[in-house]
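Below, chain A is the first sequence line, B the second, and so on; all start at residue 1.
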Amino acid sequence: MEKIIRQAVDRALAELHIEDAPEYVIEKPRDPAHGDLATNVAFLLARTLKKKPALIAGEIAGALKLESAPVERVEVAPNGFINFRISPRWNIELLARVQKEGERYGLSDCLAGKKIVVEFVSSNPTGPLTVGHGRQAVLGDCISSLLEALGAKVCREYYYNDAGNQMNMLGRSLRARYARLFDPAFSFPENGYQGEYLIEIAQAFAAEHGERFRPGSAAEEPGPETMKIFREYAAEKIRRMIDADLKLFKINFDVWSMESRLYSEGKVEELLALLEKRGISYRKDGAVWLAASRFGDSEDRVIVKSSGEPTYFLPDLAYHLVKFERSFDVAINIHGADHHGYAPRMQAGMRALGYPEGWLRYVIHQMVSFIENGEQVRMSTRAGRFVTLADLCREVGVDVARYFFVMRKADSHLVFDLDLARKQSNENPVYYCQYVHARICSLTPTAVEAGFWDGERGRWKEYTPGALTQPEETELIAHLVEFPSLVRTAGEALEPHHIPYYLEELAKKFHSWYQHHRIVVAGEKELSLDRLYLADCVRRVMANGLRLLGITAPEKM
RNA sequence: GCCCUCUUAGCUCAGUUGGAUAGAGCAACAGACUUCUAAUCUGUAGGUCGCGCGUUCGAUUCGCGCAGAGGGCGCCA
């Protein structure tokens, strides 16, 4: 539609001998009273032509030839906008796509053929997922879904930092918990992992190994072999916990990458040699540094400590090179604001190695806080407040938790209102949307009873174009027609929060229509079938939208 | 001290490349169910878009400065 109007405007400009036309916009005005589409072209020409925008607009409008296009009226606003009113027939034709495409309605192919890796959560295997991970988990999953909706082949990837100091600390913590089963006074390591889950793991360990690894005394240092056993036992158990949490949260990863494998496969060594060969790393104070400041970072960074151990950065950089070798067109990393300072460092590293600008994209989301009874809740194990993601899901349900985490723009802080989340009522936006789906599903028996079911399974008869003329109906149709472009906009911007807003608007328009007009009207078969057709379009779009968010569309509530 | 993000109605937040009279939900107030699910609908009220300057036909949107909130500035991960 936009294209048709743009061509017409371009022709009109040529006819008026206006050359080097500026980049004007054709868009949907906020206020429906201003028509369906509008252009600002006259404003942009005002300067060069030294005429008032309104005058120019009048001339252009006069030269427009739109007879063949589905444009009902062209109006010139007093200030200079040119407004176009589209025939309702146009939207009705587009509406047919909802039924024709069904579950595929809203999808497009603008990223067809692209391979994209989305890395998110990547929580270290030192404990179960907390509510803090929830936002990132949903954000990553929904961004992935959106990219898939645009035709991309997406790899959801989780990176486990299962090497390094913290894993040793995890092993020590397990060992201490284990020792305490026999000697409650056994000392716990400073900065050890205090979570209760380690007590359970220690019990399981004891059940398997008995007292075999019981330390003789608190002072006894375990050998490397013993440490490895504790470390790997804990990591394995915790990985299973995390898997279960993610499954509960309905998130499926395609690939789990292990930091430890980067070492065992020599990737870290290779990278180190490469950096040295290219002269972008150097030795200083007994450590190896990356000359990151030459590539946009604020300072140089240590990649191998003077102790000889690599820092976290080095294997992570190696990991990204492996990603690139796996021939992804784009890599997207999702991180919390607490890691945002790390992004420039990684970008500098990629730049230093000559990888294409823009290949790696970061989505940084702000932190989440929880409120209850109007007060901020501090999550703590000791206070008995739920801290794990699994507990939150049990408390409010997976659909609600996912919806709340994704409904805000990543840039802004998210306030998770637990009271609202728990409410199973109209105030809760999740149910408001889901109710639309359930309500429409419940129409089927009524329609069958009235003898309006056409017998074809799962499908209502073709819509009679132009039959539905109530204002609520034309608005609803116009909104349904916008869904594909909304998905595209949200996907390209990596901003899934647009979807909940769209769905709430859809729900509002549907409920209003439903309240004011009967769908199934006794004795009026044609009208009823047309309305059932529209209702079913709403149902499909609602279901498709919720699916993008990983939220169920219930048939009954 | 330096860097990043944010600041829009009482609260929580949208606002799609700068557009017309700035929107929604919740809370508040007033109404609507003999009818397909009231988990619904209708209406009222609510604003210095943090503050100031600049860019221009036009700024919530772009630039600079200031204030406030959160986060980051390790040979931690």
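- Residues A:Trp513 and A:Gln470 bring no donor and acceptor atom of their side chains to less than 3.5 Å of each other.
- Using the Watson-Crick or G-U wobble rule with both distances under 3.5 Å, B:A59 pairs with nothing in any strand shown.
- The CD1-P distance, from A:Ile371 to B:C26, rounds to 16 Å in whole Å.
- Rounded to whole Å, the separation between the C1' atoms of B:C53 and B:U42 comes to 46 Å.
- The C1' atoms of B:G58 and B:C2 are separated by 36 Å, rounded to the nearest whole Å.
- Considering only side-chain atoms of A:His516, the nucleotide from B:C36, B:G70, B:C41 that sits closest is B:C41.
- Within the 4.0 Å cut-off from OP1 or OP2 of B:C2, not a single side-chain nitrogen or oxygen of A:Ser298 is found.
- Side-chain contact, A:Arg408 with A:His365: no donor N or O sits under 3.5 Å from an acceptor N or O.
- If you check every strand for non-hydrogen atoms under 4.0 Å, A:Asn83 touches a base.
- Between the side chain of A:His340 and the base of B:G72, no donor-acceptor pair under 3.5 Å is found.
- Shown here, B:C73 forms a base pair with B:G1; the pair counts as Watson-Crick or G-U wobble because both key distances fall under 3.5 Å.
- Look at CD on A:Glu504: it is 18 Å from P on B:A39, rounded to the nearest Å.
- B:G74 and B:A59 have their P atoms separated by 42 Å, given to the nearest Å.
- Taking every side-chain heavy atom of A:Ser442 into account, B:C36 is the closest of B:C36, B:C13, B:U42.
- Within 4.0 Å (heavy atoms only), A:His498 reaches sugar-phosphate atoms of the nucleic acid but no base atom.
- The distance from atom CZ of A:Arg345 to atom C1' of B:A77 is 10 Å, rounded to the nearest whole Å.
- The side chain of A:Phe43 lies closest to B:G19, out of B:G25, B:A20, B:G19.
- With a cut-off of 3.5 Å on both Watson-Crick or G-U wobble distances, the partner of B:G68 is given as B:C6.
- Considering only side-chain atoms of A:Tyr501, the nucleotide from B:C75, B:C13, B:G70 that sits closest is B:C13.
- Using a 4.0 Å heavy-atom distance criterion, A:Phe313 is classed as making no nucleic acid contact.
- Across all strands, A:Val520 comes closer than 4.0 Å to base atoms (heavy-atom distances).
- An OP1 or OP2 oxygen of B:G15 is reached within less than 4.0 angstrom by a side-chain nitrogen or oxygen of A:His497.
- Of the listed nucleotides (B:A14, B:C36, B:C75), B:A14 has the atom at the smallest distance from the side chain of A:Lys409.
- Below 30°, between 30° and 60°, or above 60°: for A:Tyr160 and A:Tyr158 the angle between ring planes is between 30° and 60°, a tilted geometry.
- Rounded to the nearest Å, the gap between the C1' atom of B:G43 and that of B:G52 is 40 Å.
- Closest to the A:Glu427 side chain, of the nucleotides B:G25, B:C26, B:C75, is B:C26.
- A straight line from CD of A:Glu505 to C1' of B:G15 spans 12 Å, rounded to a whole angstrom.
- Note on ring orientation: taking the six-membered ring where Trp is involved, the planes of A:Tyr282 and A:Trp289 are parallel (angle under 30°, cut-offs 30° and 60°).
- The partner of B:G31, taking Watson-Crick or G-U wobble pairs whose two distances both stay under 3.5 Å, is B:C41.
- Checked by atom type, the side-chain pair A:His437/A:Glu555 shows no donor-acceptor distance below 3.5 Å.
- Residue A:Arg439 has a polar side-chain atom (N or O) positioned under 4.0 Å from OP1 or OP2 of B:A38.
- Distances shown here put every side-chain N or O of A:Lys423 at or beyond 4.0 Å from the OP1 or OP2 atom of B:C26.
- The partner of B:G23, taking Watson-Crick or G-U wobble pairs whose two distances both stay under 3.5 Å, is B:C13.
- Residue A:Thr446 has no polar side-chain atom (N or O) positioned under 4.0 Å from OP1 or OP2 of B:U35.
- Residue contacts shown for A:Ala438 include a base, since a base heavy atom lies under 4.0 Å away.
- Nucleic acid contact class of A:His335 (heavy atoms, under 4.0 Å, all strands): none.
- Along RNA chain B, the nucleotide nearest to A:Gly286 and the one nearest to A:Ala410 differ in position, and the one closer to the 5' end is contacted by A:Ala410.
- Judged by distance alone, with hydrogens and angles left aside, A:Asp338 brings no side-chain donor or acceptor close enough to the base of B:A77 to form a pair under 3.5 Å.
- Between A:Arg231 and A:Asn168, the side chains place a donor N or O and an acceptor N or O closer than 3.5 Å (distance only, hydrogens not considered).
- Comparing B:G18 with B:U60, their P atoms are spaced 14 Å from each other, to the whole Å.
- With its ring centre under 5.5 Å from that of the base six-membered ring and a plane angle below 30°, A:His34 counts as stacked on B:A20.
- Minimum atom distance to the side chain of A:Met367 is reached by B:G71, of the listed B:G71, B:C75, B:U35.
- More than 12 heavy atoms of other residues, nucleotides or ligands lie within 6.0 Å of CD in A:Glu492, so this atom counts as buried by the packing criterion.
- Using a 4.0 Å heavy-atom cutoff across all strands shown, A:Asp316 reaches no nucleic acid atom at all.
- For the pair A:Met169 CE and B:C76 C1', the interatomic distance rounds to 11 Å; values are reported in whole Å.
- Separating the P atom of B:C49 from that of B:A9 is a span of 10 Å, rounded to the nearest Å.
- Side-chain N/O atoms of A:Lys28 include none lying less than 4.0 angstrom from OP1 or OP2 on B:G19.
- Contacts of A:Glu299 with the nucleic acid, taken as non-hydrogen atoms under 4.0 Å apart, involve only primed sugar atoms and P, OP1 or OP2.
- Of the two residues contacting RNA chain B, namely A:Asn165 and A:Ile26, the nearest-nucleotide position lying further toward the 5' end is that of A:Ile26.
- Of the listed nucleotides (B:C6, B:G19, B:U12), B:C6 has the atom at the smallest distance from the side chain of A:Asp411.
- By the 5.5 angstrom centroid cut-off and the 30-degree plane limit, A:Tyr432 is classified as not stacked against the base of B:A39.
- Closest of all the heavy-atom pairs between A:Phe230 and A:Leu174 is O-CD2, 3.4 Å.
- Classified by interplanar angle (parallel below 30°, tilted 30° to 60°, perpendicular above 60°), the ring pair A:Tyr342/A:His335 is perpendicular.
- Residue A:Asn124 places its side chain closer to B:A77 than to any other of B:G19, B:C36, B:A77.
- A:Tyr514 and A:Phe510 have tilted rings, their planes meeting at an angle from 30° to 60° on a 0 to 90° scale.
- To the nearest angstrom, P of B:U8 lies 13 Å from CZ of A:Arg408.
- Across B:G50 and B:A69, the matching C1' atoms stand 11 Å from one another, rounded to whole Å.
- Rounded to the nearest Å, the gap between the C1' atom of B:A24 and that of B:C33 is 26 Å.
- Closest to the A:Gln515 side chain, of the nucleotides B:U5, B:A39, B:A32, is B:A32.
- Rounded to an integer number of Å, the gap from CG of A:Asp297 to C1' of B:G74 is 13 Å.
- In this structure, A:Ile303 places its CD1 atom 16 Å from C1' of B:G74, rounding to the nearest Å.
- Note on A:Ala450: nothing from the nucleic acid sits closer than 4.0 angstrom, heavy atoms only.
- Side chain A:Ser306 to base B:C75: a donor-acceptor pair is found below 3.5 Å.
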